[in-house]
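Throughout, protein chains are lettered first and strands after them, A, B, ... in sequence-line order, and every chain is numbered starting at 1.
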Number of protein chains: 2
Amino acid sequence: MEKSQKIIFASDENCPVRRSLNLLGGKWTLLILFQINERIIRYGELKRAIPGISEKMLIQELNFLVEHKFVSKKAYPEIPPRVEYSLTKLGLKTLPIADTLATFGLESLT
Amino acid sequence: MEKSQKIIFASDENCPVRRSLNLLGGKWTLLILFQINERIIRYGELKRAIPGISEKMLIQELNFLVEHKFVSKKAYPEIPPRVEYSLTKLGLKTLPIADTLATFGLESLT
DNA sequence: CTTATTTCTAACTTTTAGGTTAGTACCTTA
DNA sequence: TAAGGTACTAACCTAAAAGTTAGAAATAAG
């Protein structure tokens, strides 16, 4: 049997790995997507789900993810305010990335 | 007021996604691992394979990856010098991550 | 009345990433 | 003689990312 050889191209700015990392390579980005996952989750829940993240970074990332259509946001005109976040169709497609990171962490890191 | 509380699996510092990102979340880290892939590659080749990376960042990341046993390094005592890098067993296990990033980039990014 | 809740904004500081320039060592080629 | 190739290291400085702190707005609970 002939062994199929993987062809690797130079990774310029158009490389899909690089384009993905440009969007998702932030320190918290994939973790936030992973935590939202398939649920509808409020801002405060999300904050508690990611201990250590600052409010600034969380809201900044959420704004970024909403702007780039990974996450959709629904705000209820209530007092105190209630805002729910969930993944869009595009956001759901990022879940395999976080899953692969989780698998690697579980299987290969001490 | 008894209300059933949604159980949230918080991503603290022990979360496998977070542990993986701590090691591999750098701007260039996964891209370098992806480019080395299953080959034995020289420093200069790798540099050409990642247009735009500075020598400082490339060597800095390579040193980090060697130190953390993702990459092995073999230097030949020749003039001009020749240094070959390849993935260790651990490094090979990171390839699915980059592959998932590549798939996402190809399928979901314009 | 005060206090708490929730989501988010703004100003400011610190930390990290990255850019630039220079240089090392030794041999080969022109 | 000089320039080129190769794989780095070091020093310096700027830009970007991330962290810290404070507070607003509206209402309800105490």
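- Between B:Ile50 atom CD1 and C:dG18 atom P there is a gap of 12 Å when expressed in whole angstrom units.
- A:Met57 contributes atom CE, which lies 15.0 Å from atom NZ of A:Lys47 (distance to the nearest 0.5 angstrom).
- To the nearest angstrom, P of C:dG18 lies 8 Å from CD1 of B:Ile53.
- If A:Lys56 and A:Tyr85 are placed on DNA chain C by their nearest nucleotide, the residue sitting closer to the 5' end is A:Tyr85.
- Counting heavy atoms from C-beta on, the side chains of B:Val17 and A:Gln35 never come closer than 4.5 Å.
- Out of D:dT27, C:dT7, D:dG19, the shortest distance to the side chain of A:Pro81 is found at C:dT7.
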Checking A:Phe104 against B:Leu24 for the side-chain contact (heavy atoms from CB on, under 4.5 Å) test, could you report, in this order, the C-alpha distance in whole Å, the side-chain angles of both residues, the deciding distance, and whether it holds? CA-CA 11 Å; A:Phe104 176 78; B:Leu24 306 173; 3.9 Å; yes
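- DNA chain D is contacted by both A:Met57 and A:Ile79; A:Met57 maps to the nucleotide lying nearer its 5′ end (nearest heavy atom per residue).
- Proximity of A:Tyr43 to the phosphate of C:dT9: no side-chain N or O atom is located under 4.0 Å from OP1 or OP2.
- For C:dC8, the OP1/OP2 oxygens have no side-chain nitrogen or oxygen of A:Asn63 closer than 4.0 Å.
- As a whole-Å value, the separation of B:Ile41 CD1 from D:dT6 P is 14 Å.
- Atom CG of B:Leu46 is separated from atom P of D:dT6 by 14 Å (rounded to the nearest Å).
- The side chain of B:Trp28 contributes no N or O atom lying less than 4.0 Å from OP1 or OP2 of C:dT16.
- Rounding to whole angstrom units, CD of residue A:Glu61 and P of D:dA18 are separated by 7 Å.
- With hydrogens and angles ignored, a donor-acceptor pair closer than 3.5 Å exists between the side chain of B:Glu55 and the base of D:dC8.
- Between the CD1 atom of A:Ile32 and the C1' atom of D:dA18 there is a distance of 12 Å, rounded to whole Å.
- At least one side-chain nitrogen or oxygen of A:Arg42 sits closer than 4.0 Å to the OP1 or OP2 atom of C:dT7.
- Note on B:Lys73: a side-chain N or O is less than 4.0 Å away from OP1 or OP2 of D:dC8.
- Within the 4.5 Å cutoff, the side chain of B:Val83 has heavy atoms near those of the B:Lys73 side chain.
- For the pair B:Lys27 NZ and C:dG18 C1', the interatomic distance rounds to 8 Å; values are reported in whole Å.
- For the OP1/OP2 pair of C:dG18 and a distance below 4.0 Å, the side-chain nitrogens and oxygens of B:Ser54 include no atom meeting the criterion.
- Linking ILVMFWY residues whenever their side-chain heavy atoms come closer than 4.5 Å, directly or via other members, places A:Leu109 and B:Val66 in the same cluster.
- Rounded to whole angstrom, the span from the CZ atom of B:Arg82 across to the P atom of C:dT28 amounts to 15 Å.
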